[in-house]
Amino acid sequence: MSSDSILTRYEPVIGLEVHCQLMTSTKLFCGCSTKFGALPNHHTCPVCLGMPGVLPVLNQSAVDHALQVALAVGARLNETSVFARKQYFYPDLPKGYQITQYDLPYCEGGGIRLASGKLVELTRIHIEEDAGKNVHGEDASYVDYNRAGVPLLEIVSQPVLETPAEAADYLKRLRSLVRHLGVSDGNLEEGSFRCDANVSIRPRGQKTLGTRCEIKNLNSFTNIERAIRFEILRQADVLDGGGRVVQQTLLFDAASGKTAPMRSKEESHDYRYFPEPDLKPVVIRPERVERIRAALPELPEAMAARFHTQYGLLDYDANLLTADRDLAVFFETTTRLVDGMVPPKIVANWIISEYLRSEGAKVSAEDLAGLLVLLGEGTISGKIAKTVFEEMVETGARPRDIVQAKGLVQISDEPAIVAVITRVLEASAPQVAEFLAGKEKVFGYFVGQIMRDSAGKLNPGLVNDLLRRELAARKKP
Amino acid sequence: MNAVEIATKVRSGALKMQDVAEQSLRRAREQNPALNALVHIDEADVRAQVAAQEKRLAAGAAMPLAGVPIVIKDNICVRGTPTTCASKILENFRPPYDAHVIARLRTAGAILLAKANCDEFGMGSSNENSAFGPTRNPWDISRVPGGSSGGSAAAVAAGIAPLALGSDTGGSVRQPAGFCGVVGLKPTYGRVSRYGLVAYGSSLDTIGPIARTVDDAAALFDVISGHDPQDSTSLPSADLVVDHGISGLRVGIPREWFADGIEPEVRAAVSAAIDVLRGLGAEVREVSLPNIRYSLPTYYLLATAEASANLARYDGVKYGLRVEDRGSSLKEMYRRTRSAGFGREVKQRIMLGTFALSSGYYDAYYGKAVRARAVITRDFERAFEHVDLLVSPTSPTTAFRIGEKHDDPLSMYLQDIYTIALNLAGVPGLSLPCGFDRSNLPIGLQLVAPKLGEGRLLGAARAYQLHTNWHERRP
């Protein structure tokens, strides 16, 4: 059954729920550190351990972060919002309930625009506390409460995504946005950005939605696409076989590429939500909103547009560079330091191809700019520049030092170049004859020989011009 | 000796803290076996506290309760001390922190004498729901001291300590104070920090002073009240100004509270007390709290709903009881631990609260109770537009016998019929002794004030005590 035929007959309906950890220094309701990677249960206190008699106190900085996100997506703020208790029993939930927002979240609506231009609307965003982590050993299970109480935003999209690729794009943009704002580090592997996908399908043309399944805790963009794709096909199989899709919670097994039910016996939870009596309603005054709005950094979309107009970059390149705030800053700093010696487009190309390809290169903007200035001056050729860059990546040495040490300064001295050309031409009499007889292709052979002979140090532009001149001079009148 | 007197004499040097503490410890040893009012007492710790407080006093610390022994209800956390809430599920739990009120007491120089018995998790009106056995009323040990702060009230009535802290969610300070012939104050919700009070009904819980005299209760209240940033429902600090009396105050008698069901002797004593108030210059008139009859069902839906969530943390995972034979699944571990750890009344209330919040029933029960609460609160607000205080019996009866209401939970719940509404409305109330029945059992008078009206309550109660001597009788 080809997936094309499935997609002709069925329309996938995808909604995404993202749990995004906020980078506050302390937890949502107590003063414990939120820093990742501490020894188990080292970042705990009676409050986040849910000991008898403790009470939550709201971290206002988490609310500020939440407001930034709401403003960035254009959501409608609720001036008053209410925390609620969501009750269920599980060892990683110390109080036996999670403090979250239910009936009255702090904002609703808003949207994320995809690369295609499609605006994916959000249902709502709310603030809640994270649970701890269960660790399963051989004879026993253990719980680490370091994560319990860390602030989360739950960002719920409307079920308007139609393909796995759209889902991945939505998530990339959302992640880029929260990183841009500095409210989250958006790390899927470490769990600071977790995604659940709700997937259903319906025969094309049908208005009512099909039964949806929830795929939980997808931890990479690739797995998200794979899982959603598999699930769409799985549900299509079920329907094609005359069956009904059973609503269930699924996990994705990356090794097999399949989704599978999370529990053998699915129990639906009655969370018995009610307003949290230990916390007052959150009242967000307009002055606070305006203060935060005024302090918002430039958002990715606006930045990309500016790169396009200000630096003359292609939309594709602008989007790539602004997807990550650090990268965007890197580009602008390098461009500024280059100070026009090469056009911004060249800077962009270098970053997109060489720099990104060298994965995690610790090359500073100063050093890259230094290299590009050498290129722009004509001190080195483009080819040499690439070699130098590789060395910079490996050794961390500075471009001018490398050029100096390896004697890579491009030779632009005419007589020197002519000398090499002459030597090569004299050693290639048959090829010269062929060229003069009209075989244009041989020109490349000469260039190759010249470059080899000079270890690529000759200024290619000059080589070209002088070679033509020399060859022309050898034409028999 | 009363607390205020002790503190004054200790500060002046006329009395030694050590002597006061030793006397309380002696009294505890004598009285507690019969009363079972105290569940934990550590004499070495008491003596260590005395030594530390004596140093502080010598160094010139301001100590309004210098050297005064105080008994603490066992649902209030004292660092390093078993805080069991009279439950098997917390039998060996020692909190690593002090409740906010405990920190204030230590600063004030008080000596934490012992932990007091109570109804399990504050759920009860007789102290019979304790995993450590019932507490007995010092006036008649075949009878209950009231609950849930029965141990606290009994300890004060028996002269073990001049002060005690209890907690009041539906009457649990006032009703036992009434049964034991002592003064019990339920503060305005939010006026005393709940941090470190093991939660039962979060929107209803208060910590309140129990003492023999109004002056002592006022002194204790002054120390424990005030803003606490660790409690998000904590009110801004407000000075306590005890009014100079009752003359000129308008006192309301809610007609709905004086209908049927009051024991004749209780009714007589309360009437007499109202006459005393009148004689002191109060203007007495009838008022109405038209929706007050919904108090009990409203309370038993809201309190149990909140409790069902508050007690979910007792699951055998992190602290407290975990039964040895855990069974073969997580669910089994939970089930066995909670079945073994919780008493019957607690289980009943958890189930009731869970039901009230459950899908399909939320609106009919919990939702409706929230609306009823708002209506009852408005009844009080409207009444207080016409009067300054309300008055009622604290309980419809005097102390009943242990075991008498064991199979009649509804009858037990009706004990709180006059006290419960105050927790719903968040207003303060005070119980003080106003007489004795022919069996020499204390009768309590309840005064109610608007929010933040503790000064008015204490002033009126003090005026009453100046003109009567019920509070001077001893069991």
Check the side chains of [Y] and [X] for a donor-acceptor pair under 3.5 angstrom, ignoring hydrogens and angles.
X      : Y      : value
A:Q158 : A:R124 : no
B:N423 : B:T169 : no
A:T211 : A:Q247 : no
A:S141 : A:N134 : no
B:R349 : B:Y200 : yes
A:E128 : A:H19  : yes
A:K27  : A:T34  : no
B:K347 : B:S339 : no

B:D168 vs B:K186, test: salt bridge (charged side-chain N to carboxylate O under 4.0 Å, His left out). Steps then yes/no.
CA-CA 6 Å; B:D168 190 313; B:K186 173 216 167 296; 6.0 Å; no
Largest heavy-atom contact set with chain B, pairs under 4.5 Å, which of [options]:
options                : value
A:Y88, A:Y145, A:Y271  : A:Y145
A:E276, A:R272, A:K280 : A:R272
A:G50, A:P46, A:G96    : A:G50

Report, by ascending residue number, the residues of residues 350-359 of chain B in heavy-atom contact with chain A at a distance under 4.5 Å; give 'none' if the set is empty.
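Residues of residues 350-359 of chain B touching chain A at under 4.5 Å: B:T354, B:L357, B:S358, B:S359.
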With a strict 4.5 Å heavy-atom criterion, list every residue of residues 188-198 of chain B that contacts chain A, or say none.
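Expected list: B:Y189, B:R194, B:Y195, B:G196, B:L197, B:V198.
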If you count heavy-atom pairs within less than 4.5 Å of chain A, which of B:L90, B:N310, B:N75, B:T83 leads?
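Looking at each option in turn, the highest pair count goes to B:N310.
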Which bit of [X] comes within less than 4.5 Å of chain A, counting heavy atoms only: side chain, backbone, both or neither?
X      : value
B:A309 : both
B:Y361 : neither
B:P96  : side chain

Let me confirm one number: the SG-CG distance from A:C107 to A:L71, rounded to the nearest 0.5 Å.
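It is 9.0 Å, given to the nearest 0.5 Å.
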Under a 4.0 Å threshold between the charged nitrogen and the carboxylate oxygen, would B:D363 count as salt-bridged to B:K368?
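Salt bridge flag = no for B:D363 with B:K368.
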Is the closest basic N to carboxylate O distance between A:R285 and A:E79 below 4.0 Å?
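Answer for the salt bridge query: yes.
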Which atoms of A:Y97 come close to chain B, meaning under 4.5 Å heavy atom to heavy atom: side chain ones, backbone ones, both, or neither?
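Just its side chain gets close to chain B.
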What part of A:Y273 gets within 4.5 angstrom of chain B, counting heavy atoms only: side chain, backbone, both, or neither?
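Contact with chain B: backbone only.
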Residue of the set A:Q21, A:E129, A:K35, A:H43 for which side-chain contact (heavy atoms from CB on, under 4.5 Å) holds with A:V150
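Of the listed residues A:Q21, A:E129, A:K35, A:H43, the side-chain contact (heavy atoms from CB on, under 4.5 Å) partner of A:V150 is A:Q21.
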Do A:T100 and A:H126 pass the side chain to side chain donor-acceptor pair (under 3.5 Å) test, and can you show the C-alpha distance, the side-chain angles, and the key distance before you say yes or no?
CA-CA 8 Å; A:T100 177; A:H126 69 251; 3.2 Å; yes
